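On a predicted model such as this, the values are computed, not experimentally measured, just so you know. In what follows, chains are A, B, ... by sequence order, proteins preceding strands, each numbered from 1.
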Amino acid sequence: MESKAGAEEAPKSGAMADLRYSLHLMSRNKLVLAGSVLAAGTILVALLAHVIVPASATVDDRAIRICWNNSLINWHIPSINVCPRPLPLGTDAYGRNLLLMIILAVPLDLSIALEIVASAVVIGLVFGSIAGYAGGIVDEAILRVTDIFFAVPGILLAIVLMTVLGRTIPNLTLAVLITWWPLYVRLIRSQVLSEKERPYVEALRAMGAGRFRILFRHVVPNSIYPLIVQSTLDIGSVILTVSTLVFLGFAPSNIATGQTPELGSLTSQGSQYIFSAPWLIIFPGLTILIISLGFNLLGDGLRDVFDPRLRR
Amino acid sequence: MTSQASVQRGSDHEVVLEVKGLKVSFHTYLGEVKALDGVDFEVKRGEVLGLVGESGCGKTVTALAIGGLLSDNAKVEAGQILLEGKDLLKETKDELRQTRLREVSFVFQDPMTFINPVLSVGSQIAEILESDKGFQAELVEYRIAELARAESKAGLTPAEVEEKRSLEGLKDKKLSKRSLRRLAKLRTLDYMRTVRLPDPERVYNMYPFELSGGMRQRVMIAMALVRRPKVLLADEITTALDVTVQAQVLRLLADLRGKIDASVVLITHDLGVVSEICDRVVVMYAGNVVEIADVEELFANPMHPYTQGLLASIPRPDVFTKEIKSISGSVPNLISPPSGCRFHPRCPKRFERCPLVKPPLIEVEPGHRVACLLYGG
Amino acid sequence: MAEALLQVQDLYKWYPIKGGLLGRTNGFVKAVDGATLSAEKGETLGVVGESGCGKTTLGRTALRLTQPTKGQILFDGQDITSLKGRKLKPLRRRMQIVFQDPYASLDPRQTVRSALTEPMRIHGLAKGRAEAERKALDLISKVGLNPDHLARYPHEFSGGQRQRIAVARALAVSPDFIVLDEPTSSLDVSVQSQILSLLKALQKDLDLTYMFISHNLAVVRQVCNRIAVMYLGRVVEMAETESLFRSPKHPYTKALLASVPIPDPKKRTELAVLEGDVPSPVNIPPGCRFRPRCEFATGRCAEVSPPMKEVRPGQRIECLYDIDFATRKKTEL
């Protein structure tokens with residue numbers, strides 16, 4: 001046998017070069033960089049919220065004092081003249097420290113969003129890969145079910161469900177999830193469909209690999225990139241949807257009234273004072289905007305990073 | 001003006017296109033790819049020049065540079081591309097478009113990248129003739145000549161006599177849109193016959209997807225020829241075709257020489273194709289020209305060790321070779337190409353100086369140039 | 001005559017063309033349309049033809065990667081035509097395939113080590129990690145790569161190296177029979193011969209039988225013992241390599257061989273040109289399917305589909321005539 005093949009020069013690029021290139025692609029785009037910073041910041045705030053904010057902060061001030069008072073600004077609702085302490089973002093509708101309430105709201109919103117997206121991903125992976133790999137009647141049946149859900153406006157369906165099932169956090173999660181999962185089934189299905197036509201799948205079949213091994217060891221892991229992108233993008237949208245539902249009052253009473261702070265309910269409570277104390281609605285609203293913007297930008301950035309056309 | 005250049009095949013040594021010291025690099029995330037590292041060769045009038053080499057040798061990059069089609073991340077570091085003496089690299093964008101559209105034409109491996117899928121093939125060829133005012137005079141002259149030929153042979157119908165008179169009467173050669181259309185179509189059908197598309201009237205109205213690979217490639221060749229280019233760059237045009245269809249296209253190319261005034265640069269990795277229709281061959285390796293010679297000389301007396309290895313490693317359809325030779329290793333990565341002679345790590349004849357000195361292209365015998373230190377430099 | 005390892009008898013593989021709302025079948029792509037051939041133990045059987053002739057489908061169907069429409073496939077005496085699911089698994093260990101594009105045929109997220117040990121795991125061929133590792137090391141050196149290549153991913157290799165990995169993976173189950181589907185078509189010439197030499201050496205060492213599918217007649221001449229020429233889903237000529245190249249008997253084979261450019265300018269001849277294109281495998285002409293392009297066709301060719309007949313010992317053609325191409329004299333077979 002002729003030898004020396006080992007001396008063939010391999011193009012030098014390992015996992016490290018790939019990672020470095022990914023980071024390079026991300027850092028090149030200013031918006032994506034901003035998105036990553038915002039998303040990372042959100043997660044950090046969520047993790048540390050209960051460390052930063054003392055439990056006593058949620059106890060409301062019995063004599064409601066709504067004011068925004070610090071070294072730069074001094075704004076009171078006319079009936080109240082005295083503002084007890086300077087606060088960077090003023091008080092909320094219950095006279096509590098708004099900044100701390102927003103910080104406390106972040107982990108609640110983020111955890112609901114993560115739960116919904118993660119469940120949608122799991123459902124999508126299971127049904128999407130089965131539909132894509134099995135094909136035929138199974139595929140057809142799963143697709144038609146997703147069609148039904150696509151046909152109903154998401155928020156309407158969620159509202160109906162909340163009304164029927166009752167206003168609890170698990171029901172809220174469920175309601176949004178029910179409108180969200182079909183997207184992931186579709187996404188995974190189309191990925192699996194294109195991936196399973198690749199020659200390596202045929203090579204695996206020739207090797208005697210079973211359907212499940214091929215599907216879950218090879219096809220699905222190779223279909224995962226678009227899923228990462230989509231789920232990142234969706235964290236922002238889900239937060240938006242959840243807070244919308246809470247804003248509309250579809251939440252357990254302690255949340256809907258803003259006793260337990262949540263971004264949607266903070267906004268909703270503030271809406272009563274939209275002219276007299278606009279910061280009540282501006283700051284929580286702005287927070288929702290920033291968080292979903294952050295995840296959206298990050299998702300867009302990941303899409304670029306994973307884009308095979310940019311790869312090689 | 002350029003389109004009317006009447007060319008004598010006799011002026012064999014006249015150089016149409018000359019590439020001098022061309023260096024091109026590409027910026028990629030892994031680093032700077034030094035794709036061309038000083039490429040020198042020339043194309044003589046009327047010849048079929050083979051540009052051969054393996055993947056990554058720079059043959060396609062060279063063609064793209066000549067055609068002005070390099071991608072955005074490419075940079076021409078140095079060199080000249082002289083088309084009849086004028087440097088294409090120095091021209092402004094507009095001049096360049098004019099020159100290149102008219103004087104350098106491309107035929108690609110995959111015709112579908114260049115043919116509009118939603119327009120009939122005939123109309124696409126005709127559009128080239130209609131859109132460029134430079135072709136109008138020629139269209140008229142050609143039609144008059146055609147009618148004159150018909151007249152001397154079999155006489156003309158009254159309508160044709162009328163047409164000839166009115167065409168001859170066109171002093172300023174400004175055509176109405178309708179007659180321009182008609183003349184362009186007639187000329188297109190003529191070109192379609194030249195490239196031997198069967199049943200041109202029918203094919204004229206067909207869409208690209210209705211044609212077979214071989215027919216699409218003929219359409220591409222017709223599109224390239226209507227511009228009456230000085231140089232026709234044909235990039236792996238037969239690679240995607242089956243061998244019986246490849247034989248048809250090669251025969252077409254062989255028949256076309258002499259009929260058209262374009263020099264053909266045939267870019268290929270297939271030495272069988274080269275030996276079949278080329279006059280001269282430029283062998284490239286890793287961004288360098290390593291050898292240039294007449295085709296018979298090159299196959300009979302390859303001088304560069306790479307050319308020798310390459311010729312020895314092609315399986316031949318006409319004989320059985322007990323032991324197939326090969327060149328050890330593989331094509332180097334051009335981000336960090338080997339120093340000195342880029343072939344030295346794979347060369348069976350390398351010596352101490354090879355990694356140190358980049359060998360110049362030296363004329364060892366008349367018309368036979370080699371870039372190898374074994375032959376001096 | 002040696003014993004046949006693989007026998008394909010009158011094999012059909014038709015793909016339905018579905019259309020319309022109800023998914024009605026509007027016709028069939030007759031990819032393989034009554035092909036018969038056999039591969040003997042230890043030989044390399046070449047299957048050649050132009051694109052669309054069904055050579056790849058034939059290879060895949062012979063390996064039972066798809067279910068044939070009709071016909072019979074015998075492997076080592078066993079009828080494997082309609083084996084299903086679990087019953088195919090022992091067969092998968094004995095038959096393997098190497099594809100044209102080595103990069104696409106390797107899972108991009110799998111290291112070489114994992115790609116080589118996975119088949120062993122599937123078939124329980126290695127007891128424990130240590131034995132799998134030892135076998136992987138053995139395989140990687142068999143195909144001329146280094147042990148430290150085991151930890152790398154496919155994209156880190158050159159084309160030739162990737163094809164070596166694909167070969168090593170096929171060998172991981174110690175098969176008897178390998179279908180090589182255009183194994184060198186995507187490689188550079190100088191590398192192509194390395195892979196061909198490797199395949200030849202492995203065949204000798206491991207006593208393998210190959211079905212070598214290719215459109216490259218020059219390559220086929222160098223590596224095959226016998227050759228089957230396919231046209232529109234059928235084997236139209238089958239012969240020992242040297243007799244086929246020296247004196248092809250089917251007019252298609254003759255034209256095909258004459259179309260190949262020879263890399264020697266001194267042998268430059270007018271390339272024989274076969275007019276027209278291969279007809280679509282959906283509408284196959286009746287009678288002899290090569291008739292519309294055949295310069296020797298007669299009226300009878302349109303009526304009778306020619307059966308496979310022996311013209312010379314070991315050389316069979318599907319043609320009504322034994323044609324002397326020099327004198328153009330036809331003798332009825």
> Given the options C:E242, C:Q192, C:K267, which has more heavy-atom pairs under 4.5 Å with chain B than any of the others?
Replying inline: C:K267

> Hey, which of C:S280, C:A258, C:S51, C:P265 has the most heavy atom pairs under 4.5 Å with chain B?
Replying inline: C:P265

Top residue by heavy-atom pair count (under 4.5 Å) with chain C, among [options]?
options	result
B:C278, B:G309, B:A300	B:C278
B:I327, B:D318, B:I324	B:D318
B:L298, B:L271, B:V319, B:V273	B:V319
B:V245, B:T244, B:V295	B:T244

> Within 45° of the ring axis of C:F157 and under 6.0 Å from its six-membered ring centre, is that where the NZ or CZ of C:R162 lies?
Replying inline: no

> Taking the inter-plane angle between the rings of B:Y306 and B:F343 on a 0 to 90° scale, is it parallel (under 30°), tilted (30 to 60°) or perpendicular (over 60°)?
Replying inline: perpendicular

> Do the ring planes of C:H250 and C:Y252 sit parallel (below 30°), tilted (30 to 60°) or perpendicular (above 60°)?
Replying inline: perpendicular

>> Looking at B:K44 and B:D279, is there a salt bridge between them, counting it only when a charged N and a carboxylate O are closer than 4.0 Å?
In response: no

>> Between C:D264 and B:R316, does any NZ, NE, NH1 or NH2 come within less than 4.0 Å of an OD or OE carboxylate oxygen?
In response: yes

> Would C:Q315 and C:E240 count as a side chain to side chain donor-acceptor pair (under 3.5 Å) if you check the C-alpha gap in whole Å, the side-chain angles of each, and the deciding distance to 0.1 Å?
Replying inline: CA-CA 7 Å; C:Q315 186 158 14; C:E240 308 253 324; over 6 Å; no

Can you tell me which portion of [X] sits under 4.5 Å from chain C's heavy atoms? Options are side chain, backbone, both or neither.
X	value
B:I277	backbone
B:V274	backbone
B:E323	neither
B:R251	side chain
B:I314	both

>> Assess the residue pair B:E291 and B:H368 against the criterion (side chain to side chain donor-acceptor pair (under 3.5 Å)); give the C-alpha distance rounded to whole Å, side-chain angles, the decisive distance to 0.1 Å, and a yes or no.
In response: CA-CA 7 Å; B:E291 189 159 2; B:H368 195 156; 2.5 Å; yes

>> I need the B:S313 OG to B:K325 NZ distance, nearest 0.5 Å.
In response: 10.5 Å

